[in-house]
Amino acid sequence: MRYLLIHKVSKKVTNKENKVKISDIHFTPTFVDNKNHHHYRVYPLKEAYKKGLIDHSYNEIMEHMTESMK
């Protein structure tokens, strides 16, 4: 799961077109934990790793998640 935080949005309106520009987008990767599909908890990825909820490090997961963006 990813949360997108959009920091800058601008819109340019002319007689012929509307343009929307989104910049400075940041996301915080998260991990969702649950007990038998009940009591869901969302943890930031770094916290989930520290708690032993995931096996791969934050850096390994971030590399995998951003690989297609290159």
Side-chain angles (χ1 to χ4, degrees):
M1 176 186 302
R2 291 186 239 185
Y3 287 100
L4 292 179
L5 305 173
I6 301 171
H7 290 278
K8 292 183 182 178
V9 177
S10 60
K11 183 176 181 180
K12 183 178 180 180
V13 179
T14 64
N15 289 339
K16 295 183 180 182
E17 63 185 356
N18 295 328
K19 289 186 178 181
V20 176
K21 180 181 176 184
I22 300 172
S23 58
D24 293 332
I25 299 173
H26 304 277
F27 68 93
T28 302
T30 59
F31 175 80
V32 179
D33 187 33
N34 69 80
K35 306 295 182 210
N36 297 322
H37 301 288
H38 292 84
H39 308 289
Y40 289 88
R41 288 190 170 205
V42 178
Y43 295 96
L45 201 55
K46 287 182 180 180
E47 187 178 331
Y49 181 70
K50 288 178 186 177
K51 289 180 175 283
L53 299 172
I54 54 176
D55 296 331
H56 298 284
S57 73
Y58 174 84
N59 290 339
E60 290 172 322
I61 294 172
M62 286 301 295
E63 178 65 29
H64 175 74
M65 291 176 72
T66 58
E67 200 169 84
S68 65
M69 298 170 148
K70 295 177 182 177

Minimum heavy-atom distance [X]-[Y], with the two atoms named:
{"X": "Asn36", "Y": "Asn34", "value": "N-OD1, 3.6 Å"}
{"X": "Thr66", "Y": "Met62", "value": "OG1-O, 2.7 Å"}
{"X": "Tyr58", "Y": "Lys46", "value": "CD1-CG, 3.4 Å"}

Discussion item. Run the salt bridge (Lys or Arg N to Asp or Glu O under 4.0 Å) test against Lys35 and tell me which residues pass, sequence neighbours left out.
Written reply: Asp33

Worksheet, complete the sentence: Checking Leu53, Thr30, Ile54 against Leu45 for side chain to side chain contact (heavy atoms under 4.5 Å, CB included), the one that qualifies is Ile54

Worksheet item: Judged by atom type as modelled, is there a donor-acceptor pair below 3.5 Å linking the side chain of Glu60 to the main-chain atoms of Ser57?
Response: yes

Item to complete: Look up atom CZ in Arg41 and atom NZ in Lys51, then write down how far apart they are to the nearest 0.5 Å.
Response: 7.5 Å

Practice prompt. Please list all pairs passing the salt bridge (charged side-chain N to carboxylate O under 4.0 Å, His left out) test where one or both residues lie in residues 10-22, with sequence neighbours left out.
Written response: Glu17-Lys19

Worksheet item: Do Ile61 and His64 come close enough that some side-chain heavy atom pair is under 4.5 Å?
Response: no

